[in-house]
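Numbering of residues begins at 1 and proceeds along the displayed sequence. In what follows, every heavy atom counts, from backbone to side chain, and hydrogens, waters and symmetry copies are set aside.
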Amino acid sequence: MDLSEFEASLVTEFFLQGITDRPELQVPLFLVFFSIYVITMVGNLGLIFLVLKDPHLHTPMYLFLGSLAFADACSSTAVTPKMLMKFLNKNDMISLCECFSQFYFFCSSASAECFLLVVMAYDRYVAICNPLNYAVVMSKRLCVQFISVSYLIGLLLASIHVALLFRLTFCNSNIIDHFFCDVIPLYTISCTDPFINALVLFIFAVFVEVSTFMSIIVSYIHVLFAILKKKSKKGRSKAFSTCSAHLMSVSLFYGTIFVIYVISVSDTENYQGKLYSLFYTFIIPLLNPFIYSLRNKEVLGALRKLRK
């Protein structure tokens, strides 16, 4: 095959297989995922609106919570609309640039979420272990810097992975066995050896996962000891309540991302991450605003005032 024939054979569009190809399930699945998406956006954008609207929520904890809600809304929006289109009109094709763009926005928001969870753990550490200096340590300027750095790191990591995708060529198959353009399914259909891409993804995933997760664990070890030292039962209960929601969110997030981007990337030939990705892209963004809101008296109080 000469150069012109090879270039003509290169894939410029991909076929997304989606969740299932069974025609009788397309409409029910559309209704399910459309409902999930609407609830996700209402929950996350509603939480952002409450944080901005109520002066009592203009504190570092809720500033970080609003930023986390924004990251969840972005990651869900990067994936869901294309998926819903496929259910309705069989729009299975996605261009190369659209595919890489979809992964870029999803990766950047998900990576930013890792660091926002660390910032939130540090915020709880300062609030419980050093309450007298909380207002000084967690200044508005520092909070903005934390949030900005989290998103900048997310954008940088996504840029590196997308830049490496451009070194790959796709000529044998254009079928992506997934419901969105994730990198590991792209590696499996690449004509170019994806070893470098997979290695960089694995190293970054391990580094980001381990460094951020260990930072959270260290923060909460200090928090746990501080809580146990409290003599007041009411004080211990309140401290545990403020931390439990964050720990639940961390467990869901890190458990899923570890399976997908650390374990699965080491075996791209037998990638089985579609089910985990459903949980990661839909369930976690759906649950987070409710995890943080349902047991939070300040958020519920702000919601009651808004309804009056």
Under a 3.5 Å distance rule, please check whether [X] uses its side chain to pair with a backbone N or O of [Y] as donor and acceptor.
| X | Y | value |
| --- | --- | --- |
| N44 | F70 | no |
| S108 | F105 | yes |
| T192 | T169 | yes |
| S109 | F106 | yes |
| Q102 | C181 | yes |
| E13 | I94 | no |
| H161 | C107 | no |
| E113 | S75 | no |

Calculate, to the nearest 0.5 Å, the distance between atoms [atom1] and [atom2] belonging to [X] and [Y] respectively.
| X | Y | atom1 | atom2 | value |
| --- | --- | --- | --- | --- |
| T281 | F179 | OG1 | CZ | 3.5 Å |
| L186 | D177 | CG | CG | 11.5 Å |
| M214 | S219 | CE | OG | 10.5 Å |
| I147 | F64 | CD1 | CZ | 5.5 Å |
| L278 | I284 | CG | CD1 | 11.5 Å |
| S249 | L68 | OG | CG | 5.5 Å |

I need the minimum non-hydrogen distance between [X] and [Y], along with the two atoms involved.
| X | Y | answer |
| --- | --- | --- |
| C129 | P131 | C-CD, 3.4 Å |
| L168 | D193 | CD2-O, 4.3 Å |
| Q26 | K86 | OE1-O, 4.4 Å |
| P285 | P289 | O-CD, 3.2 Å |
| I48 | A69 | CG1-CB, 3.9 Å |
| L63 | C143 | CD2-CB, 3.7 Å |

Within a strict 4.5 Å, meaning less than it, do heavy atoms of the [X] and [Y] side chains meet?
| X | Y | value |
| --- | --- | --- |
| L25 | L29 | yes |
| Y187 | L165 | yes |
| S111 | F204 | no |
| V183 | N197 | no |
| F30 | L88 | yes |
| I39 | F290 | yes |
| M61 | M138 | no |
| I176 | C99 | yes |

Inset, instruction - Classify the side-chain pair S76/T40 by whether it contains a donor and acceptor separated by less than 3.5 Å. - result: no
Legend entry - D123 side chain to Y134 side chain, donor-acceptor N/O pair below 3.5 angstrom: yes
Legend entry - Single hit among I216, V218, L117, V137 for side chain to side chain contact (heavy atoms under 4.5 Å, CB included) with Y122: V137
Is the number of heavy atoms from other residues, nucleotides or ligands under 6.0 Å of [X] [atom1] greater than 12?
| X | atom1 | answer |
| --- | --- | --- |
| I160 | CD1 | yes |
| F213 | CZ | no |
| Y125 | OH | no |
| F225 | CZ | no |
| H56 | NE2 | no |

Inset, instruction - Any chance you could lay out the side chain to side chain contact (heavy atoms under 4.5 Å, CB included) test for F33 and M83, step after step, and finish with the verdict? - result: CA-CA 9 Å; F33 285 102; M83 183 179 175; 3.9 Å; yes
Legend entry - Cluster overlap F195 with V200, hydrophobic side-chain contacts below 4.5 Å: yes
Show the atom names and distances, to 0.1 Å, of all donor-acceptor pairs under 3.5 Å that link a side chain in residues 148-159 to residues at least two apart or in another chain.
| unit_1 | atom_1 | unit_2 | atom_2 | d |
| --- | --- | --- | --- | --- |
| S148 | OG | V144 | O | 2.8 |
| S150 | OG | F146 | O | 2.8 |
| Y151 | OH | S67 | O | 2.7 |
| Y151 | OH | A71 | N | 3.4 |
| S159 | OG | L155 | O | 2.7 |

Inset, instruction - Could you go through the side chain to side chain contact (heavy atoms under 4.5 Å, CB included) check for Q145 and L142 one step at a time? - result: CA-CA 5 Å; Q145 288 175 342; L142 182 64; 3.9 Å; yes
Legend entry - Aromatic plane relationship, F166 with F100 - under 30° parallel, 30 to 60° tilted, over 60° perpendicular: perpendicular
Inset, instruction - May I have the step-by-step check of side chain to side chain contact (heavy atoms under 4.5 Å, CB included) for Y220 and V250, ending in yes or no? - result: CA-CA 12 Å; Y220 274 103; V250 167; 5.8 Å; no
Inset, instruction - For T212 and F115, run side chain to side chain contact (heavy atoms under 4.5 Å, CB included): C-alpha distance rounded to whole Å, both residues' side-chain angles, the deciding distance at 0.1 Å, then the answer. - result: CA-CA 7 Å; T212 55; F115 294 95; 3.7 Å; yes
Inset, instruction - Indicate, with yes or no, if the rings of F103 and F180 have centres closer together than 6.0 Å. - result: no
